[in-house]
Amino acid sequence: MTQLREVDIAVVGAGPAGLAATLACGESGAATLLVDYMDAPGGQLIKQTHKFFGSERQFAGTRGIQIPAIFMERLSKMPNVALMWGANASGYYADSGVLTLEDGSKFVKVKAKRVIIATGAAEKPLAFENNDLPGVYGAGAVQTLMNVHGVKPGDRVLMVGSGNIGLIVSYQLIQAGVEVVALVEAAGCIGGYLVHAAKLRRAGVPILTSHTVVRALGEETVRGAVVAQVDQSWQVIPGSEREVACDVICLAVGLTPLVDMMWQAGCEMKYVPALGGHVPVRDENMRASNPAVYVAGDSGGVEEASSAMISGEIAGISAATSLGFEVKEADARLSRLKADLAAIRSGPTGEKICAGIKCATVCGGEW
Amino acid sequence: MEIALYSHFAQGREDSGRPLGRLRPNVVRLKDHPILEFPTGREVEFTFNGKEIEGIEGEPIAAALHAAGVRILRHSPKLGRARGFFCAIGTCSSCLMTVDGVPNVRVCTEPLKQGMVVETQEGHGHLPID
């Protein structure tokens, strides 16, 4: 017989957004269940070795890898918070509010009054000839292999994409003793912060803007790549092709939100390129069109861990107060969090995000 | 100016004159790292297509295979194209293998255990039926 477990709030995903959401729910006294398919908390924080920016409230100066333990120390002291690792959330049934979990060989049903979906995002592929050869890796995979498991992804890496992920992972590869032969970026200028790009240039890595990867070379695994210059309409300039010897082509060309559960929940969805793909339409407190569903972090639009923690906390406070649980100075906290988000989204990179968020937010900011 | 800026890259171009096959995978485990310390778990033995390989208990099977120089994890069912590691978070299906007789295991997230039997699978694999 399948058990039916009842909770006030279920949080799916224990990355930065899910951890922050769970903490806020836990503080309110709501019976909260946090589930993640991995065996340990942190989501993608577990590979973020760099120090965070922003304000102290978002752990500025702390390395990403140190953050899960800070949350866990507080969560483990809350009797109303239950944690489930190694449990894959496989479905959400909007008619009954039941979340199904695959826990090893067991199938578990959880009836939750509110569900906060913090499932993160997945690496985007890039279309080029032979892009399926082993050795073409997502940047996140390279980080996981190297920073979490201590295994070198290869000897010579061609990095594709100059957003912060491409820049940071390139630098992390160099720290791990791996050669980065070049970084190619199709746009005319780098996408990430200058501070990260400067580290790469100091290490002698060529940053080739207006360049793309045309094809991967090799029969069964990557042995090299052909890169070429592109014009302003992204077309390859004939004659500019050149070969690079490398055994890894690392794709850092963006992420797309993991929103399967939001589709299942019947949430109103919208395609917002600035946020990485389809995202749920939400109000300012992260509530989706299905009033039992809240969204937090990258699954609501790809940004980064600091804003994920903030949107997670917003979702947690809102979900808990919607059930009548008391959150101290909820309104003041929510306005402070929204101000923090606005601060993080200021600057040139933030402009695009802000436009995306505006597009994904329900007209007038509330349902 | 351009030569100075791209000197590193120029070396890559020179390299391309050599047979590209010269690049041998020399995939090793990291020991000294300026920031990270890696957990040293118990060494366990498992088999990959019958061949004995050592890995660290609890690391994803794919990490152990990668450390042993195995980059091809399967071939695609229709066109037989080689498939390797790609997302490392269990979402892309590139790394499906048969583990202890169970097909379509995502080896990028499945923890390694002593004595595991890891095999490349044919097509979509076959379910074990008693």
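Throughout, a chain's letter reflects where its sequence line sits, starting with A, and its residues are numbered from 1. Here the structure is a predicted model, which means the values were calculated and not measured.
Only the side chain of M38(A) comes within less than 4.5 Å of a heavy atom of chain B; its backbone N, CA, C and O stay farther away. For A121(A), the part lying near chain B is the backbone, with the side chain staying farther off; criterion is any non-hydrogen pair under 4.5 Å. Heavy atoms closer than 4.5 Å to chain B are found in both the backbone and the side chain of N147(A).
Contact count versus chain B (heavy atoms, under 4.5 Å) is highest, among T144(A), T221(A), D132(A), for D132(A). Between chain B and the residues E123(A), Q44(A), R63(A), Q175(A), the most heavy-atom pairs under 4.5 angstrom are made by Q175(A). Of the listed residues G140(A), A176(A), A122(A), the one with more heavy-atom pairs under 4.5 angstrom with chain B than any other is A176(A).
Using a 4.5 Å cut-off on side-chain heavy atoms (C-beta onward), V70(B) and F48(B) make contact. I117(A) has its side chain within reach of M262(A): a pair of non-hydrogen atoms, C-beta onward, lies under 4.5 Å apart.
If you check the side chains of E220(A) and H75(B), you find a donor sitting under 3.5 Å from an acceptor. With 3.5 Å as the limit, one finds a donor-acceptor pair spanning the side chains of N49(B) and T120(B). The closest side-chain donor-acceptor pair between E45(B) and Q114(B), if any, does not fall under 3.5 angstrom.
Side-chain atoms of S76(B) come within 3.5 Å of backbone N or O of G80(B) as a donor-acceptor pair. Counting only distance, with no hydrogens or angles, the side chain of E57(B) and the backbone of G41(B) share no donor-acceptor pair below 3.5 Å.
Interface residues of residues 86-112 of chain B toward chain A, defined by a heavy-atom distance below 4.5 Å and sorted by number: F86(B), C87(B), A88(B), I89(B), G90(B), T91(B), R106(B), T109(B), P111(B).
Atom CG of residue D103(A) and atom OH of residue Y37(A) lie 15.5 Å apart, to the nearest 0.5 angstrom.
Heavy-atom minimum distance, V136(A) versus N130(A): CG2-O, 4.2 Å.
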